[in-house]
**Q** 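What follows is a structure written as structure tokens; I'll ask about it next.
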Amino acid sequence: MDYNFGEIEPRWQNYWREHRVYHIDNVSDRPHYYVLDMFPYPSGAGLHVGHPLGYIASDIYARYKRLRGYNVLHPMGYDAYGLPAEQYAIQTGQHPAITTEKNIARYREQLDKIGFSFDWDREVRTCDPKYYKWTQWTFIQLFNSYYCNQCQKARPIAELVDVFAKQGTEGLDLACTEPMDFSAEEWNSWDEAKRQQVLMNYRLAYLADIPVNWCAELGTVLANDEVVNGLSVRGGYPVERKLMRQWSLRITAYAQRLVDGLERVEWTDSLKEIQRNWIGRSEGAAVWFPLDVKSNGNVLPGAQAYMPQFDPQPVPSFEIFTTRPDTIFGVTFMVLCPEHELIDQITTPEQRQQVQDYVTWAKNRSERERQAEVKKVSGVFTGAYAINPLTEERIPIWVSDYVLAGYGTGAIMAVPAHDSRDFAFARHFNLPIRQVVSLEKDVVSDPATWEESMDAKTGYSVNSGFVTGMKVKDAMKAVINKIDEMGIGHKTVNYRLRDAIFSRQRYWGEPFPVYYKNNIPYTLPEECLPLLLPEVKEFKPTATGEPPLGHADRWAWDEKNRCVVENSKIDNVTVFPLELSTMPGFAGSSGYYLRYMDPANDDRYFSEQAVNYWQNVDLYVGGAEHGTGHLIYARFWNKFLYDLGMVVKDEPFQKLINQGMIQGRSNFVYRSKADNNLYISKGLVKDKDDVTAIHVDINIVDNDVLDIEKFRQWRPEFADARFELEDDKYVCGWEIEKMSKSMFNVQNPDDLVVRYGADTLRLYEMFLGPVEQAKPWDTNGIEGVFRFLKKFWRMYENVSDESASKTELKIVHQAIKKITDDIERFSFNTSVSTFMICTNDLTAAKCNKREVLEPLLVLIAPFAPHIAEELWHQLGHETTVCDAEWPKFDEQYLVEDSVKYPVSFNGKMRFTVDLPTKCTQEEAWAAVKAAEESRKWLGDAEPKKVIFVPNKIINIVL
RNA sequence: GCGGAUAUGGCGUAAUCGGUAGCCGCGUCAGACUUAGGAUCUGGUUCCGAAAGGAGUGGGGGUUCGAGUCCCCCUAUCCGCACCA
């Protein structure tokens, strides 16, 4: 009987579904293991072959763990909120829920055909009210929490209210938007509005006017990770910086813990590095530079706000951040960012016009322009001076947009000799450059002759007062100690990470459980969740520029009756307007892995029992492109829930595997420029300039050979095409590009399943190369894997119960060991090779023994579950192969009686000798001398040394 | 510019501890079976060479009896960040 995958695969898929073979309970005496895939956004295009790569890998591992006796949680769901469905809705009027539902159905159909072992009873969808209830719930908890820097933990905000009433901010160290300082008396004297305003400064989910990435085209703000090179990731529209009142999550409070936690997880170094980079921890010093009041009579009293509170003799001053406190003796100018509030106050009348012009120009520059013209130096002198607190020199204060408002204090001390940006600025405006670090002690040169600054943190201080002669590292400490002593600065840590903007001016997202009473936001009572996404007439922003929820008729909160009512009832006494923004995509994906543990629970996010059993994700498989988005937000989300005592592990994903992207392999035909209807086969193209390369659909190309008839039918303009053939074939060119519709290189898994079956697709995707590696999709090799499965199938045609020979047992036991090792280290491409070798060997040995073939089925079951299940039942088993026991290998079959030792002379391999497995150096040496070939290399000479490595090699040094 | 990764036949790749480089597959060549083959099977296939032999893991150096593997320098490609003080 032939290998009829088209009949076998659907039959077993139905069997698995009907018998709920992949249903998993939260109660088991087996050890637990949690294998998770990054759930997909169900786009209209459906799955391409790149998507299942990670799913197949994780499925293999999940099935393997199950066969090894684990209770394996392996769920799947959909990240169902998102922009494409909404854009589609704006264009067509079709409700995003319908589009999404349709896409999900298509995804499910495609996934089912590949034979995954997902427990679909646990499916979650982020747009399902039963799910987003808990997204909203978490938001309320964040809103009701603050972060204590001393205990490095989130705490209930109610606690803070009590403390404020007793001691004000005295002795507190809190994560906040703006540092504040008030006494208990002040707090107690404030009214509700003022108190709420103050509390907002500390909440972990807070509302604030912040510079945001505004994308006018999409009509929404975007998070930093959603913007690349000043363009939106989705759509590629320009993004500008704009000050807007937005919800944010105070993820910066967790910056240090997010860095530290990376030490404890098994992720690739590169991804950890990406996250460390994104968090951008840098150590340095905060230093207060006094203004030179004498030189500048117009410093306003407001500048006092910049004074260190501990300074007994207040002098107007401002704070800078530097990672190079050791270079403070080399400061030759100061720079403020164009947004700095001090600019207005210090600018001299003579400079005022110039400064104002510059600031206006800088503000009107788009983020994209600014980033594109990084090399262009611009700036203007304010006319004001600061005093270097260590040298008491007067230093000019400039304004330039190379200093960013959002990092540090938006002001720097410029040390042109030792910072490339300051160097460029100094050269451009002809400002002095002073060397204060040299590679060797006391060796200095004239910076005027330098081509670039000396940025490295190595060498010795020179020209630097009391630190002269010290090593750079020591000088840093010495300067920090000194400024600390003087009360003008201290050691500090800065992070590049910004708080996560949490509002989106869109329709298709989770509504905020928030209403506004006298413009103060209040959260809904938890019992009233979920707050359902309202129906709207239009999905566009309103005429007044409000988000789409502004179109909703029923979008007001009746505080007394605790329900959503008509907008017309808003009286701002008992009925209030609800928040019009929705939450961003990462809201729903930040905690979904926890919900899988207990997906049907209506009373809790997930039960204590469930989380205590599953703990956290043991293995997470997904793309590295989420390194600065989802993978940071989810860690933050998890750490917050950990602080609440809801989860038991403070890191959500113990081990992370990043599957490489699958690129497309495009095919081209070459059209002659001289003759518009003539297509020249690749090998006959003499000069690339004579032809135009045209993308051709990969579905009408087989092994780079064009199907000429299909090509003529493909598009009308090719109907009369003529060809210059080589060997009667038209050979296409190819190139590796992104998989995309417009390049006609999208490979759809369904077509391959129809043609070769799911098992072949699964094996082939693994055979392509290491899971972690990015690689182009190339269908050319799939035949080899298909041939292997047909061969494998034939082995089971006549299974005999006779006992197997030692040689046969050896083959299978070696396979057991190899496959087990391969799976454990995620090397699935070599596993597939091992199956091929094993099958070749057994076929050659004409082996048909059950003793050998049965364990082999269990080995292959994780990779090719359908064929394994079919043959397993053909062998007479009643139960599914999924619950079989992973075979154990027997050492005795792995040890050879004799070993062919390679014999090398001076490291160069010359011949081999047969030796018993256990033999001594003397015996080995005697055998080498006795060997015929050795005379040639040895002659009469005695070797200097004989190196004998058991089971490895004999090397003779002459 | 900073950080990370990668580099092996015509192609995808393998070599798990520093020990015979190129397993397995594609492609290709030769053969068998066949009316036929886009089916199946057998054998060859890193390069140079008729062979003996020699060279060979991006380039250069080093450690070692022995290096694809470890160390240093360089080059190329990919990825991440990017005026982050």
Side-chain angles (χ1 to χ4, degrees), chain A residues 228-229 268-278 280-282 284 320-324 327 335 337 370-371 373-377 400-404 406-415 418-422 424-425 452 455 494-498 624-625 627-628 660-661 663 702-705 734 764 767-770 772-776 778-785 787-788 790-791 794 818 821-822 824-825 827 829-830 832-837 840 843-844 900-912 943-947 949 951-958:
Chain A
V228 171
N229 293 332
T268 59
D269 288 342
S270 93
L271 193 68
K272 286 186 187 181
E273 208 48 44
I274 286 171
Q275 291 216 339
R276 282 194 198 103
N277 243 316
W278 186 258
R281 181 183 201 276
S282 57
I320 59 101
F321 172 73
T322 179
T323 53
R324 293 297 301 274
T327 61
V335 187
C337 66
R370 201 185 59 73
Q371 286 189 11
E373 295 166 12
V374 156
K375 290 266 142 32
K376 223 169 158 183
V377 179
S400 173
D401 67 352
Y402 86 88
V403 175
L404 303 177
Y407 186 78
T409 57
I412 60 156
M413 63 176 212
V415 185
H418 305 291
D419 182 283
S420 52
R421 295 149 305 180
D422 298 345
F425 195 83
E452 56 184 9
D455 293 10
N494 245 300
Y495 299 92
R496 206 182 65 94
L497 184 75
R498 311 286 165 81
E625 66 272 20
T628 55
M661 268 232 265
Q663 297 134 304
D702 197 13
N703 275 342
D704 290 339
V705 176
W734 60 270
Y764 184 58
F767 187 63
L768 224 42
E772 282 120 311
Q773 193 175 298
K775 53 207 166 260
D778 181 358
T779 311
N780 290 342
I782 199 168
E783 294 281 350
V785 173
R787 271 200 277 273
F788 153 70
K790 284 192 282 192
K791 201 167 176 179
R794 281 200 298 273
K818 183 87 170 41
D821 290 351
D822 284 345
E824 289 289 358
R825 60 195 180 94
S827 178
N829 54 330
T830 56
V832 179
S833 295
T834 307
F835 284 125
M836 290 176 173
I837 296 166
N840 287 345
T843 307
K900 254 196 181 355
Y901 270 90
V903 179
S904 39
F905 289 83
N906 288 340
K908 189 89 200 157
M909 196 279 190
R910 296 301 177 184
F911 58 89
T912 58
K944 282 197 197 118
K945 204 163 154 195
V946 176
I947 289 139
V949 185
N951 293 316
K952 287 269 164 85
I953 201 163
I954 305 161
N955 188 20
I956 291 123
V957 186
L958 296 173

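Residue numbering restarts at 1 for every chain, and letters A, B, ... go by the order of the sequence lines.
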**Q** Out of B:A85, B:C65, B:G4, which nucleotide sits closest to the side chain of A:Ile412?
**A** B:A85

**Q** So if I take every side-chain heavy atom of A:Glu273 and compare against B:G3, B:A15, B:A55, which nucleotide ends up nearest?
**A** B:G3

**Q** So, does the side chain of A:Asn955 form a donor-acceptor pair with the base of B:C65 at under 3.5 Å?
**A** yes

**Q** If you check every side-chain atom of A:Ile947, which of B:G19, B:C24, B:A14 has the closest atom?
**A** B:G19

**Q** Using the C1' atom in both, what is the distance from B:C81 to B:G19, to the nearest Å?
**A** 42 Å

**Q** Taking atom C1' in both B:A39 and B:A32, what distance in whole Å separates the two?
**A** 14 Å

**Q** Could you check how far CD1 of A:Ile953 sits from P of B:G19, rounded to whole Å?
**A** 9 Å

**Q** Measure from NZ on A:Lys952 to P on B:A67 and round the result to the nearest Å.
**A** 16 Å

**Q** Determine the minimum heavy-atom distance between A:Arg496 and A:Asn277, stating which atoms define it.
**A** NE-O, 3.3 Å

**Q** Picking from B:A85, B:C81, B:C83, which would you name as closest to the side chain of A:Trp278?
**A** B:C81

**Q** So, is B:G31 syn or anti if syn means the angle is within 90° of 0?
**A** anti

**Q** Roughly how many Å is it from CG in A:Leu768 to C1' in B:C24, rounded to a whole number?
**A** 14 Å

**Q** Under a 3.5 Å distance rule, please check whether A:Tyr901 uses its side chain to pair with a backbone N or O of A:Lys952 as donor and acceptor.
**A** no

**Q** Provide the distance between the two P atoms, one in B:C70 and one in B:A14, to the nearest whole Å.
**A** 15 Å

**Q** Using a 4.0 Å heavy-atom cut-off across all strands, classify A:Val403 as base, sugar-phosphate, or nothing.
**A** base

**Q** On the nucleotide B:G80, are OP1 or OP2 found under 4.0 Å from the side-chain N or O atoms that A:Thr628 carries?
**A** no

**Q** Would a 4.5 Å heavy-atom cut-off, applied to side chains only, mark A:Val957 and A:Phe905 as touching?
**A** no

**Q** Under a 3.5 Å distance rule, please check whether A:Arg276 uses its side chain to pair with a backbone N or O of A:Ile274 as donor and acceptor.
**A** no

**Q** Taking atom types as modelled and ignoring hydrogens, do the side chains of A:Lys791 and A:Asn840 form a donor-acceptor contact shorter than 3.5 angstrom?
**A** yes

**Q** Just how far, in rounded Å, is C1' of B:C11 from CZ of A:Phe767?
**A** 12 Å

**Q** Please work out whether B:C65 sits syn or anti, treating a glycosidic angle within 90° of 0 as syn.
**A** anti

**Q** Among B:G27, B:G4, B:A85, which is the nearest nucleotide to the side chain of A:Arg787?
**A** B:G27

**Q** Both distances below 3.5 Å, Watson-Crick or wobble geometry, any strand: find the nucleotide opposite B:U40.
**A** B:A32

**Q** Counting side-chain heavy atoms from CB outward, which of B:A15, B:C83, B:G80 is closest to A:Tyr402?
**A** B:C83

**Q** Which part of the nucleic acid does A:Gln773 contact within heavy-atom distance under 4.0 Å: base, sugar-phosphate only, or nothing?
**A** sugar-phosphate

**Q** Between atom CD in A:Gln663 and atom C1' in B:G12, what is the gap in whole Å?
**A** 13 Å

**Q** Picking from B:A14, B:A15, B:A85, which would you name as closest to the side chain of A:Asn829?
**A** B:A14

**Q** Can you tell me how far P in B:C83 sits from the matching atom in B:U8, rounded to whole Å?
**A** 34 Å

**Q** Taking the side chain of A:Lys818 as heavy atoms from C-beta outward, which of B:U16, B:C65, B:A85 is closest to it?
**A** B:U16

**Q** Side chains of A:Thr830 and A:Lys818: does their closest heavy-atom pair fall under 4.5 Å?
**A** yes

**Q** Checking contacts here: which listed nucleotide (B:U16, B:A85, B:A14) is nearest the side-chain heavy atoms of A:Pro770?
**A** B:A14

**Q** When the distance from CZ of A:Arg910 to C1' of B:G66 is rounded to whole Å, what number comes out?
**A** 13 Å

**Q** Between B:U40 and B:C48, how far is it from one C1' atom to the other, in whole Å?
**A** 36 Å

**Q** Say we look at B:C71 and B:G4: how far apart would their P atoms be, to the nearest angstrom?
**A** 14 Å

**Q** Both A:Asp778 and A:Val832 contact RNA chain B. Taking the nearest nucleotide for each, which residue is further toward the 5' end?
**A** A:Asp778

**Q** Atom CG of A:Asn277 and atom P of B:G80: how far apart are they, to the nearest Å?
**A** 12 Å

**Q** Is A:Arg276 close enough to B:C81 that one of its side-chain N or O atoms is under 4.0 Å from OP1 or OP2 there?
**A** no

**Q** Hey, which sits more toward the 5' end of RNA chain B by its nearest nucleotide, A:Met909 or A:Tyr764?
**A** A:Met909

**Q** Pairing check on B:C81: which nucleotide meets the Watson-Crick or G-U wobble criteria with it, both distances under 3.5 Å?
**A** B:G1

**Q** Taking the side chain of A:Met836 as heavy atoms from C-beta outward, which of B:A85, B:C26, B:G25 is closest to it?
**A** B:G25

**Q** Taking atom C1' in both B:A15 and B:G68, compute the distance separating them and give it to the nearest angstrom.
**A** 9 Å

**Q** Any base atoms under 4.0 Å from A:Ile837, or only sugar-phosphate, or nothing? Heavy atoms, all strands.
**A** sugar-phosphate

**Q** At under 4.0 Å, does any side-chain N or O of A:Lys900 touch on OP1 or OP2 of B:U20?
**A** no

**Q** Select base, sugar-phosphate, or nothing to describe what A:Arg281 touches, counting heavy atoms under 4.0 Å on all strands.
**A** nothing

**Q** Using Watson-Crick or G-U wobble geometry with both distances below 3.5 Å, tell me the partner of B:A67, or none.
**A** none

**Q** Could you tell me whether A:Ser904 contacts a base, only the sugar-phosphate backbone, or nothing, with contacts defined as non-hydrogen atoms closer than 4.0 Å?
**A** nothing

**Q** For a quick check of understanding: with a heavy-atom distance under 4.0 Å over all strands, which category does A:Lys790 fall into, base, sugar-phosphate or nothing?
**A** sugar-phosphate

**Q** How long is the line joining CD1 of A:Ile320 and C1' of B:A85, in whole Å?
**A** 8 Å

**Q** Do the side chain of A:Asn955 and the main chain of A:Gly907 share a donor and acceptor less than 3.5 angstrom apart?
**A** yes

**Q** Between B:C47 and B:U57, how many Å separate the two C1' atoms, rounded to a whole number?
**A** 13 Å

**Q** OP1 or OP2 of B:G25 versus the side-chain N and O atoms of A:Asn840: is any pair under 4.0 Å?
**A** yes

**Q** Could you tell me whether the side chain of A:Asp419 reaches within less than 4.5 Å of the side chain of A:Ile412, counting heavy atoms only?
**A** no

**Q** Could you tell me whether the side chain of A:Lys791 has a donor or acceptor atom within less than 3.5 Å of a complementary atom in the base of B:U40?
**A** no

**Q** Under 3.5 Å, side chain of A:Arg794 to main-chain N/O of A:Thr843, donor-acceptor pair present?
**A** no

**Q** Can you tell me the base-pairing partner of B:C24? Count Watson-Crick or G-U wobble geometry only, both distances below 3.5 Å, and say none if there is no partner.
**A** B:G12

**Q** Parallel, tilted or perpendicular: which one describes the rings of A:Tyr407 and A:Phe321, with boundaries at 30° and 60°?
**A** perpendicular

**Q** Quick one: look up who B:G49 pairs with, Watson-Crick or G-U, both distances under 3.5 Å, and put none if it's unpaired.
**A** none

